[in-house]
J.: 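Sharing a structure below in structure tokens format, with a few things to ask.
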Amino acid sequence: MWNKNRITELLGIEYPILQGPFGGGLSTVELTTAVSNLGGLGGFGAYTLSPQEIYDIHKEIQTKTDKPYNLNLWVNDHDIIDEEHTKKQYQKAIETFRPYFELLETEIPAPPPSFQSRFQNQLNVIFDIKPKVFSFMFGLLDENIIEDLHRQGTVVLGNATTLNEAIALEKIGVDVIVASGFESGGHRPSFLDQAELSTTGTFALIQLIKDKVRIPIVAAGGIANGRGIAGAFQLGAEAVQIGTAFLATEESGALPIHKEFLFSDAARSTTLTRAYTGRLGRGITTKISRDVLTATDKTLPFPLQTHFMGVLRKAALEQQKNDLVFFWAGQIAPLLKHKKASTLMKSLIEEASELLNK
């Protein structure tokens, strides 16, 4: 049976289908628990949350499912070098984005407030709540931390965008590698080299990792139906992680206009850009992403760029000038069909079963 393997046994799930753990308010308890209750592994991205918020979300999830879910954090949650560098980048950002603020008749925001890394305090909560599954991105954890997580019964997933990253993750003791191809929507979680130089496609990445790494692989990027699942399994994956298709469902935290764009012809074109957050990420190609595609050295460091662009995004949404908004999306978006998480999950299971149980 296609749905019985090392990953389903390790995670304690019925089907090797993982929901992408979206950050930035796009994850919801409703979506996470819906996927877990249907036999997959729901995911919740918590990198923007305080330790107390993570604790509260975990408790709320536990009231709606007794199944495991994946709690995700970012090891490296900022790219800030120093105050002087930030000031210089702020002036460059003003020069680059001034025309859009003027178009929206919106004042350019003051320099972003200082940022303090949350990761260490967030990680402490992981040891308090002891989730069944914990995943991390944008870096490596100390081997001792991995061992402590294992001792408390937590399965650990690491995200890789290159073969070298996968090898590094296996070396520190993670249980499963999520192979994130460049087709994926959202941020590119690269950590050994620049994200722009770490753009291997999903199906190539699976094969490269499978050839060199012993632990199980989850394929992520460019998968939204049973055919994608079957293709990933044929190449060596033992599970898939699906983001954009779940982001488009009613249960996700994406804005209605975001979901509308995901089901529109606009989703046929996506772009990798640093313009909206300061880190490379894939979303639907709009006027602003096309205009500033090459402005990689004229943005604030992550996450300060997110704060800077938040004012512009709010004004553009209010004025319905959606071509000045960036909506996260993967390259597979034109194939999206389902608007409810339950319908999507059932379709994925049925299609994959038909193709893989022959």
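All heavy atoms count here, side chains included; hydrogens, waters and symmetry mates do not.
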J.: Linking I/L/V/M/F/W/Y whenever their side-chain heavy atoms sit closer than 4.5 Å, directly or via other members, would L123 and F191 fall into one cluster?
T.: yes
J.: How far does CZ of F261 sit from CZ of F327, to the nearest 0.5 angstrom?
T.: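 Nearest 0.5 Å value for the CZ-CZ distance: 5.0 Å.
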J.: Please determine whether residues V133 and L141 belong to a single hydrophobic cluster, defined as Ile, Leu, Val, Met, Phe, Trp and Tyr linked transitively by side-chain heavy-atom distances below 4.5 Å.
T.: no
J.: Salt bridge or not between D56 and K59? Use side-chain N to carboxylate O under 4.0 Å.
T.: no
J.: Treating T286 as the side-chain partner and V325 as the backbone partner, does any N or O pair qualify as donor plus acceptor under 3.5 Å?
T.: yes
J.: So which atom in T273 and which in A275 form the shortest heavy-atom distance, rounded to 0.1 Å?
T.: OG1-N, 3.0 Å
J.: Spell out, as yes or no, whether a donor-acceptor pair under 3.5 Å connects the side chain of E170 to the backbone of R214.
T.: yes
J.: Test of understanding: with side-chain contact (heavy atoms from CB on, under 4.5 Å), list the residues that count as partners of Y47, not counting sequence neighbours.
T.: W74, H187, F302
J.: Inspect the surroundings of OH in Y55 and state if more than 12 heavy atoms from other residues, nucleotides or ligands are less than 6.0 Å away.
T.: no
J.: With heavy-atom distances below 4.5 Å as the criterion, would you say the side chains of Q89 and P301 are in contact?
T.: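 Yes, close enough: below the 4.5 Å cut-off.
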J.: Say whether, by atom type as modelled, one donor and one acceptor occur between the side chain of N124 and the main chain of F127 under 3.5 angstrom.
T.: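 No, N124 side chain to F127 backbone: no donor-acceptor pair under 3.5 Å.
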J.: Ignoring hydrogens and angles, tell me if any N or O in the side chain of H58 forms a donor-acceptor pair with the backbone of P131 under 3.5 Å.
T.: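 Side chain of H58 to backbone of P131, a donor-acceptor pair under 3.5 Å: no, none is there.
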J.: Whether the side chain of E147 engages the backbone of N144 through a donor-acceptor N/O pair (distance < 3.5 Å, no angle test) should be reported.
T.: no
J.: Can you find a pair of side-chain heavy atoms, one from T343 and one from E250, that are under 4.5 Å apart?
T.: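 Not in contact.
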J.: Using 0.5 Å steps for rounding, measure from the OG1 atom of T96 to the CG atom of D291.
T.: 11.5 Å
J.: Side chain to side chain contact (heavy atoms under 4.5 Å, CB included) for L356 and N3? Distances and angles first, verdict last.
T.: CA-CA 9 Å; L356 291 168; N3 60 309; over 6 Å; no
J.: Please determine whether a side-chain nitrogen of the Lys or Arg among R274 and E196 lies less than 4.0 Å from a carboxylate oxygen of the Asp or Glu.
T.: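 Result for this pair is yes, salt bridge flagged.
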J.: Linking Ile, Leu, Val, Met, Phe, Trp and Tyr through side-chain heavy atoms less than 4.5 Å apart, which residues share a cluster with F182?
T.: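 Cluster partners of F182: L272, L280.
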J.: Under 3.5 Å, side chain of K259 to main-chain N/O of S252, donor-acceptor pair present?
T.: yes
J.: In terms of side-chain heavy atoms, does T285 have a donor or acceptor partner in S269 at a distance below 3.5 Å?
T.: yes
J.: Can you check whether Q194's main-chain N or O pairs, donor with acceptor, with S198's side chain at less than 3.5 Å?
T.: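 The answer is yes, because a donor-acceptor pair under 3.5 Å joins these two groups.
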J.: May I ask whether L317 and L247 are part of the same hydrophobic cluster, defined by side-chain heavy atoms of I, L, V, M, F, W, Y residues being less than 4.5 angstrom apart, directly or through others?
T.: yes
J.: Do you know which of T271, T244, T270 makes side chain to side chain donor-acceptor pair (under 3.5 Å) with R282?
T.: T270
J.: Give the intermediate values and the outcome of side chain to side chain contact (heavy atoms under 4.5 Å, CB included) for residues I81 and T86.
T.: CA-CA 7 Å; I81 298 172; T86 298; over 6 Å; no
J.: Less than 4.5 Å apart, side chain to side chain, heavy atoms only: is that true for F97 and T299?
T.: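 They are in side-chain contact.
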J.: Would you check, one step at a time, whether the test salt bridge (charged side-chain N to carboxylate O under 4.0 Å, His left out) holds for K171 with E143?
T.: CA-CA 9 Å; K171 188 176 180 181; E143 291 179 40; over 6 Å; no
J.: NZ of K314 to CG of L104: how many Å apart, nearest 0.5 Å?
T.: 12.0 Å
J.: Quick one: name the residues clustered hydrophobically with L197, using the 4.5 Å side-chain heavy-atom rule over I, L, V, M, F, W, Y, and just say none if it's on its own.
T.: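 Under the 4.5 Å side-chain rule, L197 groups with nothing.
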J.: Is there a donor-acceptor pair closer than 3.5 Å between any side-chain N or O of S190 and the backbone N or O of D193?
T.: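 Looks like no, no N/O pair under 3.5 Å.
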J.: If you measure from CG on L205 to CD1 on I209, what distance do you get to the nearest 0.5 Å?
T.: 3.5 Å
J.: Kindly indicate, with the supporting measurements, whether the criterion side chain to side chain donor-acceptor pair (under 3.5 Å) is fulfilled by Q152 and T154.
T.: CA-CA 6 Å; Q152 72 176 23; T154 297; 2.9 Å; yes
J.: Could you give the side-chain donor-acceptor pairs of residues 219-235 under 3.5 Å, partners two or more places apart or in another chain?
T.:
unit_1	atom_1	unit_2	atom_2	d
N225	OD1	R227	N	3.2
N225	OD1	G228	N	2.9

J.: To the nearest 0.5 Å, what is the distance between NE2 on H78 and CD1 on I80?
T.: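 The CD1 atom of I80 is 6.0 Å from NE2 of H78, to the nearest 0.5 Å.
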J.: With sequence neighbours excluded, tell me which residues meet salt bridge (Lys or Arg N to Asp or Glu O under 4.0 Å) with E83.
T.: K87
J.: Quick check for you: to the nearest 0.5 Å, what is the distance between I61 atom CD1 and T32 atom OG1?
T.: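 One gets 5.0 Å once the value is rounded to the nearest 0.5 Å.
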J.: With no hydrogens and no angle check, just 3.5 Å: does a side-chain donor-acceptor pair link T161 and R188?
T.: no
J.: Whether the side chain of S36 engages the backbone of G42 through a donor-acceptor N/O pair (distance < 3.5 Å, no angle test) should be reported.
T.: yes
J.: Mark yes or no for whether E105, through its side chain, and F101, through its backbone, hold a donor-acceptor pair below 3.5 Å.
T.: no
J.: Does any part of the side chain of F246, heavy atoms only, come nearer than 4.5 Å to the side chain of L31, both counted from C-beta?
T.: yes
J.: Do the side-chain N and O atoms of N70 and S135 include a donor-acceptor pair separated by under 3.5 angstrom?
T.: yes
J.: Output yes when D77 and R118 qualify as a salt bridge under the 4.0 Å nitrogen-oxygen rule, no when they do not.
T.: no
J.: Do K132 and Y69 meet the cation-pi criteria used here (NZ or CZ under 6.0 Å from the six-membered ring centre, within 45° of the axis)?
T.: no
J.: Just checking K4: does its NZ atom have more than 12 heavy atoms from other residues, nucleotides or ligands closer to it than 6.0 angstrom?
T.: yes
J.: Side chain to side chain donor-acceptor pair (under 3.5 Å) for S347 and E351? Distances and angles first, verdict last.
T.: CA-CA 6 Å; S347 175; E351 289 179 9; 3.2 Å; yes
J.: Should I215 and L163 be regarded as members of a common hydrophobic cluster, given that ILVMFWY residues are connected when their side-chain heavy atoms come within less than 4.5 Å of each other, either directly or indirectly?
T.: yes
J.: Using side-chain contact (heavy atoms from CB on, under 4.5 Å) as the criterion, point out the one residue from I145, L169, L71, I126 that pairs with F136.
T.: L169
J.: Where is the tightest heavy-atom contact between N37 and T65, given as atom of each residue plus distance?
T.: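 So the two residues come closest at OD1-OG1, 2.6 Å.
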J.: Give every donor-acceptor pair under 3.5 Å between a side-chain atom in residues 11-22 and any protein atom, sequence neighbours left out.
T.:
unit_1	atom_1	unit_2	atom_2	d
Q19	OE1	G43	N	2.9
Q19	NE2	G43	O	3.0

J.: Tell me whether the rings of F308 and Y90 are parallel (<30°), tilted (30 to 60°) or perpendicular (>60°).
T.: perpendicular
J.: Taking side chain as C-beta onward, heavy atoms only, is I54 less than 4.5 Å from Q122?
T.: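 Yes. Closest side-chain heavy atoms under 4.5 Å.
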J.: Are the side chains of I288 and M309 in touch, meaning some heavy atoms are under 4.5 Å apart?
T.: yes
J.: Under 4.5 Å between any side-chain heavy atoms of Q241 and L41, yes or no?
T.: no
J.: Using side-chain heavy atoms (C-beta onward) and a distance below 4.5 Å, is V75 in contact with F119?
T.: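 Of all side-chain heavy-atom pairs linking F119 with V75, at least one is under 4.5 Å.
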J.: Transitively linked via ILVMFWY side-chain contacts under 4.5 Å: I206 with I167?
T.: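 Different clusters: I206 never reaches I167 through Ile, Leu, Val, Met, Phe, Trp or Tyr contacts under 4.5 Å.
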